[in-house]
Amino acid sequence: MYEQVSHSLLNDILVELKPEIGNQRLRHFYTRLGANFYAIHSLFHMLYGDRADFKEQMVSLVETLALRYMERSPALRKSDLAREKDYNWFLSQKWVGMALYCDRFADDLKGLRAKLPYIQELGVNMVHIMPILDCPPDHSDGGYAVRDFHKVDARYGTNADVEALAGTLKKRDMLLVLDVVVNHTSNEHEWARRARAGEQKYQDYYFVFDDREIPDSYEESMPEIFPVTAPGNFTWDEEMNKWVMTVFNSYQWDLNYRNPEVLIEMIDIILFWANKGADVLRLDAVAFLWKKIGRTCQNEREAHLLLQLMKDCCQVTAPGVLFIAEAIVAPSEVTKYFGEDAINAKECEIAYNATFMALLWDSVATKNAKLLNLGLKNLPEKLERATWLNYVRCHDDIGLGFDDKDVRLAGYDPVAHRRFLIEYYTGSYATSPARGVPFGENPKTGDARISGSLASLVGLESALQMNNEQAITDAIKTIVMLHGLILSYGGIPLLYYGDAIGTLNSLEYMADPAKRDDNRWINRSHFDWQKSELRRQTGSIEQRIFSALQHMIAVRKVTNVFADFDNRQFLTLENPNLLAYYRTDPQHSRNRVLVVANFNNEVQHLPISVLKPYGFIEQGGMKELCSGSRIAVENELIAVEPYSCYWLVD
Ligand code: GLC
C-alpha cells in the first residue's frame, strides 16, 4: 500500500519534469529518489500541503535534486557509492578535525593548500574552513552574513580554488567541511536588495512588516542573541520602509521557511557545495529555522522537519555528504538534531557538543568535576549512526548553557554560579589566572557569555606576564588535559587552529571599526607562523603543547575503542575532582581504555577498589597509553597528577 501510494505520487511528479532530465544516466538517482520519496513528499506536504501551488513546488524540488545530480562528478558519485556501503565510515577514530579561517591561517585558499603539511603534521585530517562565501567587507559577521551563496569571496580565491583544494584533500585522505548559512542572508544579498526595491517575490523570502504590530508580538517571547550590539529581533529598513526580522545582527535578514521557494533555494545551495567537493556541510544556526509568535523561535518542530527534508534530499543527490548541526541549545534539545526515535541520523549526522564544551570550562574554573559528571550523565542518548563534534574552543563565545537542575544537584545556586564563572574567566575574580572578556552581557536577564582564546582562558597569558614557571606548566597541562578528553570521549574532536601552539588573545580586532564591537574576534587571530616554528624547539611552550597533542592524536588513531559506537561508560566515583569513563570494544569486551582526568591542582587518588568491580587491574597495575609508562599502584591507590588526563589500559 505504502509503496503503491509512493509510486503513484512519484510518477505524478516525474511526468512534469523538464525534458532534459530523464535521458541522462540517472539510475542511482532514481533508486535513491524512490527510496526517499515517501518521506520527502510527506514532509513537504506537512509544511506546505495547504498551498495551491504545492504540486508545482514539489516538481521544482525534484527538478533541483535531479539537476544537481546530473552535475555531480563521476569521482563524487563513486565516493557516494563507497560511503553508502561503508555507512558508518565517519564513526571511526581516525578522524580528527580542525576549524580555521583560511585568510587568518594562510592568506587564502591557495595558501591553505600550501599549509596542509602543518595540519597533517599534527595528525588532523578533517579541515573545517570557516565561511568563505562572498560577504560585504564590513558587515560580514565573520563570514556568516552571506551576499552570494554561489561564489567564494574574492579575498579568499575562487570556486575553482575550492574544487582544487577538495581534490588535494581527497588525495591525502582528508575531509573538507564547509559552512552553509541556512538561517539568514546578508542585507546585501540579491534577494534582500530586490526585496528592498519592492519586489514582493523577494519580500516573501524574509519576514517583512509594515508596522510594529507583529514584530512586537514576536518580541514578547524571543530572546536576544546579541543584546549589546544588535538588541531586539527586528530592524527598520529605511529604503523598504518596513521592519525586517534580524535575529542575529541587524544586517543579517532571517529567511522565511514558510515559503517553500526558500527551502528549495537552500537545498540547491547545499547540493551546489556538495558538488564542489565538500564532504561535510556545517549547517549554521539550525535551531532558528522556524519562527512562531509566542515562542522562543528556537528548536521548533518545523525546524526539525526542514532539516529532515534537507537530509532526505541530500540522500538522493549526494548521499556521501554529511551534515553538522550547529545548534548551541539546551542539552535536552541538542540530541534532537540527529533526529528522534531512529537509529540512523534523520537530520544531521554530527552535532556540536556544546554541553560538553561548557561543562569542561566549568570544571577548569571550579577545579572539580561535579557538574561535569552530572551534566554528561544526563545528556540524552544519541542515535547509533550519529556522532558528536567535541571541542574545547571555537570561533564563538562560550555560553553557560547547562541544565539548572544539574547545577543545583552539584550544590550551586544557578545564578550565583554563572556569575562566578563569568567573573572567573573575565578577570574580576581575584585568584583567577584566566584572561577572558565578557560577551553579550544582557542587563535585562543578567546573562553573559565569555570570549577568549584557550591559552588565555586557562591562564597561560597571565603566567607569562608573571613569568611564573609553575603557572605556565599548569596552563599547558590544562590545555593538554582538555584535548585528552575531546580526543577520547567519543565523536570527532575538533581542534581550533591556534590552540596547538598556545595562541593567546589577540587585541588586533580593536583597531578595526568593523570588528571592535564584537569581542569574539579576540580568539580569531592571524596564525603566527613564526611562533609555530617554535614547536621544533625542545622545551618551548609551543613544542610542549604541539608534541603532546600530536602524540595523543596518533595514539587515538590506532586505538579502536575510541571509535564512536556508543561504547562509553562512566564510572561513579566519590572523588568530585575526577572524571572517569571507559571505552570498550563492542566485539572484544576485554579491550578497553579507562580515561581519568583530574581537574584539581592537587594530586587525586583513584582507589583500585572502585575499578575492580568493572574488571580493571586484574593483573597488577595499568599502563598509560600516551606516555607508555606503567602507573604505580600504592596503598591500593592510583595517583592522578594535577591537570592530567590518563588513557589507561590493563
Ligand atoms: C553561528 C556562528 C556565529 C554566527 C551566528 C550567526 O552561531 O557560529 O559565529 O555569529 O551563527 O550566523
Side-chain angles (χ1 to χ4, degrees), residues 97 99-104 128-136 138-147 149 153 177-189 192 206 222-233 235 245-255 257 266 269 280-289 291 296-299 303 307 323-330 333-334 337 348 350-355 357-358 389 391-399 401 439-440 449-453 494 496-497 509 514-515 517-525:
L100 53 85
Y101 287 93
C102 97
D103 56 334
R104 300 183 156 248
H128 170 208
I129 310 178
M130 300 295 295
I132 44 172
L133 300 189
D134 179 50
C135 276
D138 290 343
H139 292 150
S140 73
D141 189 23
Y144 287 104
V146 178
R147 184 165 58 185
F149 285 112
D153 197 300
V177 186
L178 294 179
D179 274 88
V180 180
V181 186
V182 285
N183 181 65
H184 43 258
T185 73
S186 152
N187 60 352
E188 292 187 27
H189 189 283
Y206 301 99
M222 283 174 93
E224 293 170 300
I225 306 302
F226 297 141
V228 183
T229 48
N233 290 285
T235 300
M245 187 187 280
T246 55
V247 169
F248 290 88
N249 287 296
S250 56
Y251 53 82
Q252 287 166 304
W253 289 18
D254 284 67
L255 286 165
Y257 280 91
M266 203 44 81
I269 291 161
V280 185
L281 294 170
R282 174 194 183 275
L283 306 186
D284 184 60
V286 288
F288 295 83
L289 292 182
K291 319 297 199 278
T296 59
C297 299
Q298 290 180 43
N299 306 314
L307 288 167
F323 289 168
I324 298 177
E326 195 254 346
I328 312 302
V329 296
E333 292 294 334
V334 69
Y337 288 89
C348 300
I350 307 171
Y352 276 79
N353 198 347
T355 308
M357 180 277 299
L389 199 64
Y391 63 113
V392 181
R393 278 304 282 121
C394 72
H395 67 292
D396 278 333
D397 49 291
I398 301 171
F439 177 80
R449 285 114 79 185
I450 299 152
S451 290
S453 82
L494 183 75
Y496 189 63
Y497 65 113
Y509 76 100
K515 300 194 171 71
D517 294 332
D518 186 345
N519 66 29
R520 291 177 299 171
W521 287 95
I522 206 166
N523 188 33
R524 300 174 181 175
S525 53

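Just so you know, ligand 1 is whichever comes first in the structure, and atom 1 is the first atom listed for that ligand. Side-chain atoms are counted along with the backbone in the values below, which use heavy atoms only and exclude waters and symmetry mates.
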**Student:** Does the side chain of Tyr251 come under 3.5 Å of the side chain of Thr235 through a donor N or O and an acceptor N or O?
**Tutor:**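 Absent: no donor and acceptor within the cut-off.
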**Student:** Applying side chain to side chain donor-acceptor pair (under 3.5 Å), name anything that partners Ser525, two or more places apart in sequence or on another chain.
**Tutor:**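 So Ser525 forms no side chain to side chain donor-acceptor pair (under 3.5 Å) with any residue.
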**Student:** Tell me, which protein residue and heavy-atom name are nearest atom 10 (O) of ligand 1, and how many Å apart are they?
**Tutor:** Asp141 OD2, 2.6 Å
**Student:** Output the list of atoms in ligand 1 that are nearer than 4.0 Å to some heavy atom of Arg282, sorted by atom number.
**Tutor:**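 Checking each atom against Arg282, I get 2 (C), 8 (O).
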**Student:** Say whether Tyr497 and Arg104, considering side chains only, have a donor N or O and an acceptor N or O under 3.5 Å apart.
**Tutor:**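 Short answer, no.
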**Student:** Using a 4.0 Å cutoff against the non-hydrogen atoms of Phe248, which atoms of ligand 1 qualify?
**Tutor:**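 Checking each atom against Phe248, I get 5 (C), 6 (C).
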**Student:** Identify, for atom 1 (C) of ligand 1, the protein heavy atom at the shortest distance, and state residue, atom and that distance.
**Tutor:**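 Atom 1 (C) of ligand 1 sits closest to the protein heavy atom Asp284 OD1, 2.8 Å.
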**Student:** I'd like to check which ligand 1 atoms, numbered from 1 as shown, lie under 4.0 Å from a non-hydrogen atom of His184.
**Tutor:** 6 (C), 12 (O)
**Student:** Out of Arg524, Arg520, Glu326, whose heavy atom sits nearest atom 7 (O) of ligand 1?
**Tutor:** Glu326
**Student:** Restricting to side chain to side chain donor-acceptor pair (under 3.5 Å), what partner residues turn up for Asp153, sequence neighbours left out?
**Tutor:**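 Testing Asp153 for side chain to side chain donor-acceptor pair (under 3.5 Å), a comparison that skips the adjacent residues, returns Arg155.
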**Student:** Distance only, no hydrogens: is a donor on one side chain within 3.5 Å (strictly under) of an acceptor on the other, for Ser451 and Asn519?
**Tutor:** yes
**Student:** Side chains of Tyr144 and Asp179: donor-acceptor distance under 3.5 Å anywhere?
**Tutor:**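 Yes - a donor-acceptor pair under 3.5 Å links their side chains.
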**Student:** Heavy-atom contact check, 4.0 Å cutoff: does Met130 meet ligand 1?
**Tutor:** no
**Student:** Among protein heavy atoms, which sits nearest to atom 9 (O) of ligand 1, and what does the distance come to when rounded to 0.1 Å?
**Tutor:**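 Closest protein heavy atom to atom 9 (O) of ligand 1: Asp396 OD1, 2.7 Å.
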